[in-house]
Trainee: 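Here it is, the structure, as C-alpha cells.
First the proteins, then the strands, lettered A, B, ... as listed; each starts at 1.
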Amino acid sequence: MRIVKDLERYSRLQKRLSQRITIQPLKEAPQRIGGVDAAYIPDQERMVGVIVVLDYPSLRCVECCWAVEKVPFPYVPGFLSFRELPVLQKALQRLKHEVSLFMVDGQGIWHPRRLGIAAHFGLLVKKPTIGVAKSPLVPPQCSLPDKNRGSVTYDTLGAIVRTRTNVKPVYVSVGNLITLQEAVFWTLQLSRYRLPEPTRQADKQTKVLAKQIRYGTLSPSLL
DNA sequence: GCGACAG
DNA sequence: ATCTTGTCGC
C-alpha cells in the first residue's frame, strides 16, 4: 500500500515539526478568537473547512470564511492533519480579520508524536492555538474530573476539562504559543455549552455548509 | 495476536 | 466524520 509509505513519511514529518512547537505564555490578551473545524460531505469525497472569528468578550461572530477541497487522505488516527489541513489552509487564505488565538477541533500536542492537528495548524498560522477534542487519542493517565463545571484533571501532555456540569468532559492541550494552564483557562472562559464557542460555532457552520453543498442549495459561483 | 484509536 | 427520531434528564 502507498498509504503505509505515506504514514512513515508523515510520521517523520510530525516528529520533526513538533520540535518547532513553543510552549510560552500569551503575549497579548485575546481580542478576537478563531474557531476551526472541518466536515465531510457525503457522496462527494470532499471536505468543507470553516474558520469563524468571534469578538471577545461578546463572543459575537464577526467573520466566517470557508473552503471546499477534495478529500486528500483517509482518516487514520494520529494523522488527521493530512486529511483536514489542506482545506483549512485554503480557508485561512480567505481570512480577513486579525486573530489573536485559535481553538481547533482536535488534539494539540496530546498526540503520539506531539503534533495533533491543533499543533500543526498552530505552526502554519504562527499564532497561539489550543486543541479541544471531544475524546482522547492517547489514553489518559489521569482520572476523570468531578462532575461540576470547572473541574479539571491534568495529564502529562494535556488536561481533561469539565465545561458543563454532568456532561462529558473535553480533552484540552497546547497547540502552539500558549501554556496548558492558559489553554484550560480560555477553554472554560469561552464555554457556555460542552464545546467552547469558537469550535462550537465553527462546527455548526461546517454542518450547514456541508448540507448546502451536498444538496446544491448553494450558489455554484461560490464553489 | 487482539483491540483501541482526534475527526 | 456520516447514516438517523424520538426521548429521557438536567
Trainee: Determine: side-chain N/O of Lys134(A) to OP1/OP2 of dA1(C), distance under 4.0 Å, yes or no.
Mentor: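 So the side chain of Lys134(A) is within the cut-off, an N or O lying under 4.0 Å from OP1 or OP2 of dA1(C).
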
Trainee: Leu209(A) has an atom CG; how far is it from atom C1' of dT2(C), in whole Å?
Mentor: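 Going from Leu209(A) (CG) to dT2(C) (C1'), I get 16 Å.
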
Trainee: Could you check whether Glu45(A) and Tyr40(A), counting side-chain N and O atoms only, form a donor-acceptor pair closer than 3.5 Å?
Mentor: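 Indeed, the side chains of Tyr40(A) and Glu45(A) share at least one donor-acceptor pair under 3.5 Å.
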
Trainee: Rounded to whole angstrom units, what separation is found between the CG atom of Leu195(A) and the P atom of dA6(B)?
Mentor: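 In whole Å, dA6(B) P lies 15 Å from Leu195(A) CG.
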
Trainee: Rounded to whole Å, please give me the gap between CD in Glu45(A) and P in dA1(C).
Mentor: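 Distance check: Glu45(A) CD to dA1(C) P gives 17 Å.
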
Trainee: Under a 4.0 Å N-O cut-off, is there an ion pair linking Arg9(A) with Asp6(A)?
Mentor: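 Between Asp6(A) and Arg9(A) there is a salt bridge, with a charged N closer than 4.0 Å to a carboxylate O.
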
Trainee: Between Thr206(A) and Thr165(A), which has a closest nucleotide on DNA chain C that is more 5'?
Mentor: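 Nearer the 5' end of the strand: Thr206(A).
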
Trainee: Nearest to the side chain of Asn166(A), heavy atoms from C-beta on, is which of dC10(C), dA6(B), dA1(C)?
Mentor: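 Nearest nucleotide to the side chain: dC10(C).
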
Trainee: At 4.0 Å (heavy atoms only), tell me whether Phe79(A) reaches a base, stays on the sugar-phosphate, or touches nothing.
Mentor: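 Base contact - Phe79(A) has a heavy atom under 4.0 Å of at least one base atom.
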
Trainee: What does Gly78(A) touch in the nucleic acid at a heavy-atom separation under 4.0 angstrom: a base, only the sugar-phosphate, or nothing?
Mentor: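 Answer is base: heavy atoms of Gly78(A) come under 4.0 Å of a base.
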
Trainee: Is a salt bridge present between Glu69(A) and Lys90(A), judged by a nitrogen-to-oxygen distance below 4.0 Å?
Mentor: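 Lys90(A) and Glu69(A): salt-bridged.
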
Trainee: Answer yes if the ring centres of Phe73(A) and Tyr10(A) are under 6.0 angstrom apart, and no otherwise.
Mentor: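 Aromatic pair counts; centres sit under 6.0 Å.
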
Trainee: Expressed as a whole number of angstroms, how long is the span from Ile213(A):CD1 to dT2(C):P?
Mentor: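 Atom CD1 in Ile213(A) sits about 12 Å away from atom P in dT2(C).
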
Trainee: Tell me whether Tyr75(A) is stacked on the nucleobase of dG7(B), counting only the six-membered base ring and applying the 5.5 Å and 30° thresholds.
Mentor: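 Yes; by the centre-distance and plane-angle rule, Tyr75(A) counts as stacking on dG7(B).
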
Trainee: Can you identify which nucleotide, out of dA6(B), dT2(C), dC3(C), has its nearest atom closest to the Lys207(A) side chain?
Mentor: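 Among the listed nucleotides, the one closest to the side chain of Lys207(A) is dT2(C).
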
Trainee: Over how many whole Å does the gap from Ile117(A) atom CD1 to dA1(C) atom P extend?
Mentor: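 These atoms are roughly 12 Å apart.
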
Trainee: Between atom CG in Leu137(A) and atom P in dA1(C), what is the gap in whole Å?
Mentor: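 Atom CG in Leu137(A) sits about 15 Å away from atom P in dA1(C).
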
Trainee: Does any N or O in the side chain of Gln205(A) come within less than 3.5 Å of the main-chain N or O of Ala202(A), such that one atom is a donor and the other an acceptor?
Mentor: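 No, Gln205(A) side chain to Ala202(A) backbone: no donor-acceptor pair under 3.5 Å.
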
Trainee: Just how far, in rounded Å, is P of dT2(C) from CZ of Arg83(A)?
Mentor: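 After rounding, the reported distance stands at 10 Å.
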
Trainee: Check every atom of dC3(C), dG7(B), dA1(C) against the side chain of Asp37(A) and return the nucleotide holding the closest atom.
Mentor: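 Taking heavy atoms from C-beta onward, the closest nucleotide is dG7(B).
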
Trainee: Write down the distance between CD (Glu84(A)) and P (dA1(C)), rounded to a whole number of angstrom.
Mentor: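 To the nearest whole Å, that distance equals 9 Å.
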
Trainee: Indicate whether OP1 or OP2 belonging to dA1(C) is found under 4.0 Å from a side-chain N or O atom of Arg214(A).
Mentor: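 Negative; the distance criterion is not met.
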
